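A quick write-up on the structure given underneath.
Naming: A, B, ... by sequence-line order, numbering from 1 per chain. Fair warning: this is a prediction, and the values are worked out from it, not measured in the lab.
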There are 2 protein chains.
Amino acid sequence: MTEVEKAQRVRRGMERVTMMDVARHSGVSASSVSLFLRKPEAVSAKIAPRIAAAIEKLGYVPNYVAGGLAAAGSRVVSVIVPSLRNAFFSETVSALEKNLSRNGLQTLVGHTEYSLEQEERLVRAALSWAPAAIVLTGNDHTDGTRNLLLKTATPVVEMWELPDAPIDCAVGFPHEEVGRAMARHFIARGYENVAFLGARLDEDTRAASRARGFMEEMREAGCKAQLISDPAPASTATGARMLDAIGNDVRAVACSNDIVALGVLFEAQKRDLTIPDRLAVAGFGDLDFAANCVPPLTTIRPQAEQIAETVANCILNRESEQRSYRTDFALIPRRSA
Amino acid sequence: MTEVEKAQRVRRGMERVTMMDVARHSGVSASSVSLFLRKPEAVSAKIAPRIAAAIEKLGYVPNYVAGGLAAAGSRVVSVIVPSLRNAFFSETVSALEKNLSRNGLQTLVGHTEYSLEQEERLVRAALSWAPAAIVLTGNDHTDGTRNLLLKTATPVVEMWELPDAPIDCAVGFPHEEVGRAMARHFIARGYENVAFLGARLDEDTRAASRARGFMEEMREAGCKAQLISDPAPASTATGARMLDAIGNDVRAVACSNDIVALGVLFEAQKRDLTIPDRLAVAGFGDLDFAANCVPPLTTIRPQAEQIAETVANCILNRESEQRSYRTDFALIPRRSA
DNA sequence: GGTCAAAATAATAGCGCTACGATTTTTAAC
DNA sequence: GTTAAAAATCGTAGCGCTATTATTTTGACC
């Protein structure tokens with residue numbers, strides 16, 4: 001390296017140890033070092049230890065940015081969820097990261113705060129990283145998002161919902177059926193005057209689908225069912241507030257998720273409404289506290305981990321022809337309903 | 001582009017529209033397009049719209065990988081937290097992502113599952129992306145991690161704790177003081193026989209610091225204080241289980257976080273222990289349910305958003321000399337203790 | 001030892017972009 | 001109109017790595 005070149009590297013803030021340095025130090029070519037790093041079994045036992053020693057000695061850290069450019073594709077997977085504050089998604093991202101990192105893929109997260117415009121911006125930014133795949137939540141996207149994704153060669157996975165026409169690949173379950181399952185449970189228990197308490201249904205289209213399924217099934221069975229909704233995010237406070245809005249004769253409420261249900265439980269306790277005798281309560285999510293609260297919460301377990309594993313599989317085994325993967329959900333009957 | 005070149009690009013899966021294509025299309029040089037993208041005000045009003053039109057027409061998506069290589073530094077910030085399932089960290093990541101994305105930075109998350117070895121692996125991978133900054137949780141790292149980070153020119157922020165000697169920059173608060181504050185609250189309320197219920201204290205060093213501060217302050221005041229700990233992650237079930245382990249005469253428990261406290265609340269309710277008369281309960285975190293549960297939970301609010309904002313500031317305004325930023329916490333007295 | 005195929009290694013040519021310095025155009029001042 | 005300074009634009013030379021092709025080495029077999 002000439003003095004000028006060195007000066008330039010310093011100027012650009014790039015004094016890092018390069019693969020070339022490792023190559024020189026171990027007396028092999030840069031190609032061999034690269035090969036060693038990507039397929040260690042492909043280099044002979046003679047030079048492998050020499051390269052390993054040089055890497056160790058020089059403290060070489062590979063530059064994925066350069067690698068990604070040369071290999072025309074980075075080892076990141078971009079995951080876009082509505083919110084990380086929501087336990088479903090933080091759990092999914094967590095499980096996904098675990099599965100992907102096992103295969104040398106890194107996770108770039110973005111959250112849309114339930115805004116489709118924000119989602120489009122994030123997809124645009126994600127594509128700029130030439131990611132190995134893009135994972136989105138749900139199937140409700142702007143036309144711009146859809147166009148961007150249809151044009152690209154990057155694998156796309158939509159998760160948590162099952163669209164009729166996936167952009168590329170989808171993993172999830174039909175939320176309407178979840179709502180219907182809960183309704184059937186209510187009917188079996190003899191609850192004939194019920195309500196659905198939904199938080200943020202305008203934005204949370206999955207919760208809205210559950211609400212729709214629930215309401216339809218209840219009404220088809222000739223029951224009285226009322227839909228309460230609150231624009232605020234799901235929280236115990238929202239749950240408590242929505243309880244105010246239901247009629248006094250309502251026997252059971254299905255909540256858009258367990259947090260809302262917990263709020264209802266607390267509020268009922270404050271008002272001395274016995275659960276489930278005076279009011280039955282059910283949630284969605286089977287969050288940590290659902291099994292331990294008082295009374296234990298009847299809910300639906302969505303299998304976030306199964307979703308994450310299936311998404312990871314989709315990304316890792318691209319050859320499969322299947323475009324749509326249905327994951328399980330299970331109604332967990334406990335004492336609250 | 002010759003036929004051979006085109007074939008090569010196709011072979012490598014890189015048929016994407018490049019900046020050069022945009023330049024040709026708008027009759028300017030690639031440099032001008034690059035400049036327009038980075039500093040739109042630096043190009044004349046004559047060519048700007050032509051470039052914009054070409055970008056739009058061709059559907060050009062910039063390649064940050066190439067950009068990052070050329071500019072010797074990518075626009076990603078790598079954030080490493082113990083777990084995304086933990087509400088503190090998912091909230092911090094969420095707030096951080098919001099603050100950083102406003103400034104065109106993207107967030108690469110990794111989670112260590114409370115393993116320092118895993119953290120080192122993640123730091124290594126993170127450095128490979130030549131990130132704009134690396135954000136770590138806490139100050140407990142392997143020597144390897146520390147060496148890697150001390151050698152690099154990349155800004156490093158340790159958050160949620162205040163190390164004596166930050167690697168580079170730190171944002172957080174002293175958890176021992178949090179424990180002491182809670183102890184003083186207990187003392188003021190006249191609880192003289194108390195316990196600290198800690199989940200996963202071996203790995204969660206912050207909770208362990210709170211426990212230490214709490215125990216010391218209680219004992220310095222001449223009170224009886226017992227430390228219960230459970231290796232399982234914080235959950236309502238863990239809280240309920242730990243309640244079994246305390247003596248019958250314990251008057252108050254401080255929990256390592258609100259989830260554990262909630263478990264204690266549930267278990268107490270099951271056993272008809274009146275709270276706070278028979279047993280006072282306090283948590284840490286001021287999670288959503290803390291204000292709404294029965295009785296409302298006395299807890300400590302750690303200001304996760306303030307941490308995130310300060311971290312973002314550290315990253316964005318590098319010129320500051322300050323290395324250590326203390327964020328606030330507040331004891332929120334409610335009915336449970 | 002010589003031949004040939006297979007395995008291991010090396011050389012080459014970019015990936016798409018940005019920093020830098022060089023060049024051209026515009027503006028300002030006289 | 002000239003000139004200098006400033007602004008706008010362009011051309012070049014890589015950033016550090018990998019895919020591909022070319023070359024060398026090894027090993028198997030006669």
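- Rounding to the nearest 0.5 Å gives a distance of 12.5 Å between CG of A:Asn147 and OG1 of A:Thr152.
- Across the protein-nucleic acid pair, A:Met19 atom CE and C:dA10 atom P stand 13 Å apart, rounded to whole Å.
- Two residues, B:Val33 and A:Val43, neighbour DNA chain C, and the one matched to the more 5' nucleotide by heavy-atom proximity is A:Val43.
- Look at A:Ser29 and you won't find any side-chain N or O under 4.0 angstrom from OP1 or OP2 of C:dT9.
- When the P atom of C:dT12 is taken as reference, atom CE of A:Met20 falls 11 Å away, rounded to whole Å.
- Close to C:dC15, at under 4.0 Å from its OP1 or OP2, lies no side-chain N or O of A:Tyr64.
- For A:Ala30 and B:Val28, each mapped to the nucleotide of DNA chain D holding its nearest heavy atom, the one lying further toward the 5' end belongs to B:Val28.
- The minimum heavy-atom distance linking A:Arg50 with A:Gly27 is given by the pair NH2-O, 3.8 Å.
- When rounded to the nearest whole Å, the span between CG of B:Asn63 and P of C:dC17 equals 5 Å.
- One can place CZ of B:Arg16 at 19 Å from P of C:dG14, the figure rounded to the nearest angstrom.
- As rounded to whole Å, 11 Å separates atom C1' of D:dA7 from atom CG of B:Leu35.
- Between the side chains of A:Thr142 and A:Glu120, a donor-acceptor pair is found at a separation under 3.5 Å.
- Both A:Val65 and A:Lys46 lie close to DNA chain D; mapped to their nearest nucleotides by heavy-atom distance, the more 5′-ward contact belongs to A:Val65.
- Applying the 4.0 Å criterion to OP1 and OP2 of C:dT18, one finds that B:Ser34 has a side-chain N or O inside that range.
- Checked by atom type, the side-chain pair B:Thr92/B:Trp160 shows a donor-acceptor distance below 3.5 Å.
- For the residue pair B:Ser32 and B:Ser29, a side-chain donor N or O sits within less than 3.5 Å of a side-chain acceptor on the partner.
- D:dG16 atom C1' lies 6 Å from atom CG of B:Leu69, rounded to whole Å.
- A:Arg38 places its CZ atom 10 Å from the P atom of D:dT20, with the value rounded to the nearest Å.
- With distances taken from any side-chain atom of A:Tyr60 to the nucleotides D:dC17, D:dA19, C:dC17, the minimum falls on D:dC17.
- Using a 4.0 Å heavy-atom distance criterion, A:Ser31 is classed as a base contact.
- In this structure, A:Arg50 atom CZ and C:dA10 atom C1' are separated by 14 Å, rounded to whole Å.
- Phosphate contact (OP1/OP2 of D:dA7, side-chain N/O of B:Ser44, threshold under 4.0 Å): absent.
- Across all strands shown, A:Phe36 has no heavy atoms under 4.0 Å from either base or sugar-phosphate atoms.
- At the heavy-atom level, A:Ile47 lies under 4.0 Å from the strands shown only through sugar-phosphate atoms.
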